[in-house]
Amino acid sequence: MTRRKLADGVYLTYLPARKFKTSLLSAQFVTPLAEETTSAYALLPAVLRRGTVTYPDMGALSARLDGLYGARVDYTVRKKGENQCVGFVASFIDDSFAPGGEKLLESVAALLGELVCDPATERGRFVPAYFESEKTNLIDAIRSIINDKRDYADGRLLREMCAGEPYGVPRLGSETSAEKLQPKKLYALYGRLIATARLELFYSGSADLDRVERALQTAFSTLPRETIQEAAAARDHAPRQEVLRVTEALDVTQGKLGMGFACGSGDVPALLMGNTLFGGSSNSKLFMNVREKLSLCYYASSLYHRQKGIITVSSGIEFDKFQQAYDEILAQLEAVRKGDLEDWELEGARSTLLNAYASMGDSQGKLENFYLGQAATGQSETPEALAEQVRQVTAQRIFDAMSTVTLDTVYFLKGKEGAE
C-alpha cells in the first residue's frame, strides 16, 4: 500500500494487485457529518450519476460503460467515524486481461472525473427531472429503513446514545431534511463539497503507481480547490452518569433490545478481542449462551465502534423476555471482564479477527472500504499491522480493557399492544 498527495486535499491510496481480473477505482469526498447537510450529500452522488456533459443521460452513460467492456460505476454513501463519505466506485477489466492489450484505466478515470466535475445541468443547476427522481428515491430509502426492524432498532440506539454528536446522525439523514431539499441549494452544496472537501482516491489493480497517478491527475485536473475542510477527528463518546433508557412501541411481533456501552480504555486491540469474545462472532458469549443455550434471543451480537469508543449490542427477543435477556447480556459481559473463559474461546476470538484481516486481501471492495475508513478517521495501520497487534494481545489486557466498559444507553422496541 502506498499513499500519495496528488494535490491540495487530494490523496491517492495505491493498492497493487495482480491476482484479480478486474481493477477498482474509487473517488470519495470526505466531509464532517452534520444534520443540516447529510441528506443533501447523500442525494448528491445519485444525481451526479444520472449524466455528464458528454454523456447527458443514463442511456449515453450505459453505452459508454458497455464500450469499456461492461465497466461499472456505482455511487456510494458511507459513514466513517464522524464523517460522511460520498462518491463513486468503478470496477472494470484489468488491463492485463483487456482484449488486444487495450488500456482502460485512463478512460475509466476520465469518466469518474467527468461525473464529479462536469455533471449534466440546465440553467445553472442540476437537471430538474434527475433531481426530483433521485430525491424521491432517497426519501423512499429513508422510509424503508423501518421495514427492517433490526436495522431500525440499531440506528435508533445510536441516535439516542450519541444524540448531539455527529456519530448519531444517520448515513442518509432524516426524511424531514430530505423533503426540504431544493435543486438550487443542492447545486450550491455540490460546488462547496468539490471545492473544500478532502478527496480520497483508491486504485487496486496491476497498473504501476506513476501511471495511475498521471491518469487521475488528468481526470481531476479541473477539480476546484479552495480552503480544504479537514475531516472530523474521531472523538470518544463521553459516558453518562445515569443510564439512558428509551422504550418505543411499534406494530411488531418481535422485540428489539439494544444496549450501548461506553469504553474507558484506549487499548484498541484488547477491546477488539474483548468484543469478539463478548458478542462479535458465532463462538461468542452472547451467541453461545444467550441465544443457543438459554434461547432468550432470536439473535444476539455486539459491535465495537473503534472510532467512537463504544460497544453496541443488538438482539431480538420475545417481549416478556426483556428482563431475562437484559440480565443475561450483562452477565456475559461480566464473565468476559472477570476472565471466565475457556482457552478455546480466547484463541477462537483471536482466530476470527486474524481471518477477517487476512481475507481482506481477497476482495478489492473490502480493501477500498477498509482504507477509506482509515483515511477518514486518521488511522494508518494496514490489515497486517492490526493482525500483528491482535496476536500480541494478552488475556490480562483484554480483562483490563473490558473492565472499563460501562452501560450507557438501553433501547427497547416493543409491540403496540403492550404500550403504556
### Query
Quick check: does any side chain N or O of Tyr299 sit under 3.5 Å from a backbone N or O of Arg291, one acting as donor and the other as acceptor?
no
### Query
When the aromatic ring centroids of Tyr41 and Phe29 are compared, is their separation below 6.0 Å?
no
### Task
Walk me through it: do Leu61 and Leu115 pass the test side chain to side chain contact (heavy atoms under 4.5 Å, CB included)?
CA-CA 10 Å; Leu61 267 175; Leu115 283 167; 4.2 Å; yes
### Task
Would you confirm whether Glu114, through its side chain, and Thr52, through its main-chain N or O, come within 3.5 Å as a donor-acceptor pair?
no
### Task
Carefully, step by step, assess Met259 and Leu330 under the rule side chain to side chain contact (heavy atoms under 4.5 Å, CB included).
CA-CA 10 Å; Met259 301 170 71; Leu330 291 179; 3.7 Å; yes
### Message
Using the rule given for side-chain hydrogen bond (donor to acceptor under 3.5 Å, both in side chains), can you reason through Gln28 versus Thr76, listing the C-alpha separation, both sets of side-chain angles and the distance that settles it, and then say yes or no?
### Response
CA-CA 8 Å; Gln28 303 292 323; Thr76 55; 3.0 Å; yes
### Summary
Paired with Thr409, the side-chain hydrogen bond (donor to acceptor under 3.5 Å, both in side chains) test is passed by just one of Glu160, Arg240, His237, namely Arg240
### Query
Can you tell me how far CG of Asn275 sits from OG1 of Thr312, rounded to the nearest 0.5 angstrom?
8.0 Å
### Summary
Heavy-atom nearest pair, Pro119 first then Leu48, reads CB-CD2, 3.6 Å
### Message
So that I can tick it off, tell me whether Arg159 and Glu35 are bridged by a salt bridge, with the cut-off set at under 4.0 angstrom between side-chain N and carboxylate O.
### Response
yes
### Task
Using ring-ring contact (aromatic ring centres under 6.0 Å, His included) as the criterion, list what pairs up with Tyr55, not counting sequence neighbours.
none
### Query
Are Asp154 and Lys256 close enough, and set up right, to give a salt bridge (charged side-chain N to carboxylate O under 4.0 Å, His left out), and what steps lead you there?
CA-CA 9 Å; Asp154 292 347; Lys256 307 294 178 187; over 6 Å; no
### Task
Report yes or no: is the cationic atom of Arg4 (NZ for Lys, CZ for Arg) closer than 6.0 Å to the six-membered ring centre of Tyr14, at no more than 45° off its axis?
no
#### Entry: Neighbour count above 12 (heavy atom, 6.0 Å) for Arg245 CZ
yes
#### Entry: Asp74 (side chain) donor-acceptor with Val89 (main chain) under 3.5 angstrom
no
### Task
Give a yes or no on this: more than 12 heavy atoms of other residues, nucleotides or ligands lie within 6.0 Å of atom CZ of Phe319.
yes
## Note on the structure
For Ile93 and Leu104 the tightest heavy-atom approach is O-CD1, 3.6 Å
### Message
Nearest 0.5 Å, please: how far is CZ in Arg198 from CD in Glu230?
### Response
5.5 Å
### Query
Salt-bridged, Glu165 to Lys308, with N to O below 4.0 Å?
yes
### Message
Tell me whether Arg391 is salt-bridged to Glu388, with the criterion being a basic N under 4.0 Å from an acidic carboxylate O.
### Response
yes
### Query
Taking the side chain from Arg171 and the backbone from Val77, do they hold a donor-acceptor pair closer than 3.5 Å?
yes
### Task
Let me see the working for Phe287 and Ser281 under side chain to side chain contact (heavy atoms under 4.5 Å, CB included), right down to the final yes or no.
CA-CA 8 Å; Phe287 188 91; Ser281 77; over 6 Å; no
### Task
In sequence, state the C-alpha distance, the side-chain angles, and the governing distance for Val313 and Phe261, and then conclude on side chain to side chain contact (heavy atoms under 4.5 Å, CB included).
CA-CA 8 Å; Val313 168; Phe261 300 83; 3.8 Å; yes
### Message
Taking CZ in Arg72 as the centre, count heavy atoms belonging to other residues, nucleotides or ligands within less than 6.0 Å. Is the count above 12?
### Response
no
## Note on the structure
Between the CG atom in Asp327 and the CD atom in Gln332, the distance rounded to the nearest 0.5 Å is 11.5 Å
### Query
About how many Å separate SG of Cys85 and CG of Leu33, when rounded to the nearest 0.5 Å?
8.5 Å
### Message
I'd like to know whether Glu134 forms a side-chain hydrogen bond (donor to acceptor under 3.5 Å, both in side chains) with Tyr75, so could you lay out the CA-CA distance, the side-chain angles of the two residues, the decisive distance to 0.1 Å, and finally the verdict.
### Response
CA-CA 12 Å; Glu134 296 303 335; Tyr75 73 84; 4.6 Å; no
#### Entry: Expected output: side-chain Arg225 to main-chain Ile194 donor-acceptor under 3.5 Å
yes
#### Entry: Atom of Gln307, atom of Gly81 and distance for their closest heavy-atom approach
CB-CA, 3.7 Å
### Query
side-chain contact (heavy atoms from CB on, under 4.5 Å) with Glu175: which residues, sequence neighbours excluded?
Ile139, Ile142, Arg143, Glu179
### Partners passing ring-ring contact (aromatic ring centres under 6.0 Å, His included) against His305 (at least two apart in sequence or in another chain)
Tyr167
### Summary
Separation between CG (Leu296) and CG (Asn289), nearest 0.5 Å, reads 10.0 Å
#### Entry: Rounded distance (nearest 0.5 Å) linking atom CG of Leu43 with atom CG of Leu172
10.5 Å
### Query
Are the side chains of Val86 and Leu193 in touch, meaning some heavy atoms are under 4.5 Å apart?
yes
### Donor-acceptor contact below 3.5 Å, side chain Ser363 vs main chain Met360
no
## Note on the structure
Applying side-chain contact (heavy atoms from CB on, under 4.5 Å) to Asp57 and not counting sequence neighbours gives Ala60, Tyr130
### Query
Is the backbone N or O of Val252 less than 3.5 Å from a side-chain atom of Lys149, with the two atoms forming a donor-acceptor pair by type?
no
### Task
State whether a side-chain donor-acceptor pair under 3.5 Å links Arg3 with Ser380.
no
## Note on the structure
What one should report as the nearest heavy-atom pair of Ser314 and Arg150 is OG-NE, 3.5 Å
### Query
Which heavy-atom pair separates Ala42 from Leu138 by the least distance, and what is that distance?
CB-CD1, 4.2 Å
### Query
Quick one: are Leu24 and Ser26 in side-chain contact, heavy atoms under 4.5 Å?
yes
#### Entry: Flag, side chain of Ser265 to backbone of Ala401, donor-acceptor distance under 3.5 Å
no
### Message
Ignoring hydrogens, what is the shortest heavy-atom contact between Ala335 and Lys285? Give both atom names and the distance.
### Response
CB-CE, 4.2 Å
### Message
Run the ring-ring contact (aromatic ring centres under 6.0 Å, His included) test against Phe399 and tell me which residues pass, sequence neighbours left out.
### Response
none
### Message
Are there over 12 heavy-atom neighbours, none belonging to Asp343, within less than 6.0 Å of that residue's CG?
### Response
no
#### Entry: Non-neighbouring partners of Phe322 that pass ring-ring contact (aromatic ring centres under 6.0 Å, His included), sequence neighbours left out
Tyr326, Phe412
### Residue pair Arg78, Glu368: steps toward the salt bridge (charged side-chain N to carboxylate O under 4.0 Å, His left out) verdict
CA-CA 12 Å; Arg78 286 174 280 186; Glu368 184 267 351; 2.9 Å; yes
### Query
Is a donor on one side and an acceptor on the other found under 3.5 Å between the side chain of Ser359 and the backbone of Asn355?
yes
#### Entry: Neighbour count >12 (heavy atoms, 6.0 Å) for atom NZ, Lys21
no
### Message
salt bridge (charged side-chain N to carboxylate O under 4.0 Å, His left out), that's the test. Do Arg192 and Glu226 meet it? Break it down for me.
### Response
CA-CA 9 Å; Arg192 189 175 89 186; Glu226 297 174 6; over 6 Å; no
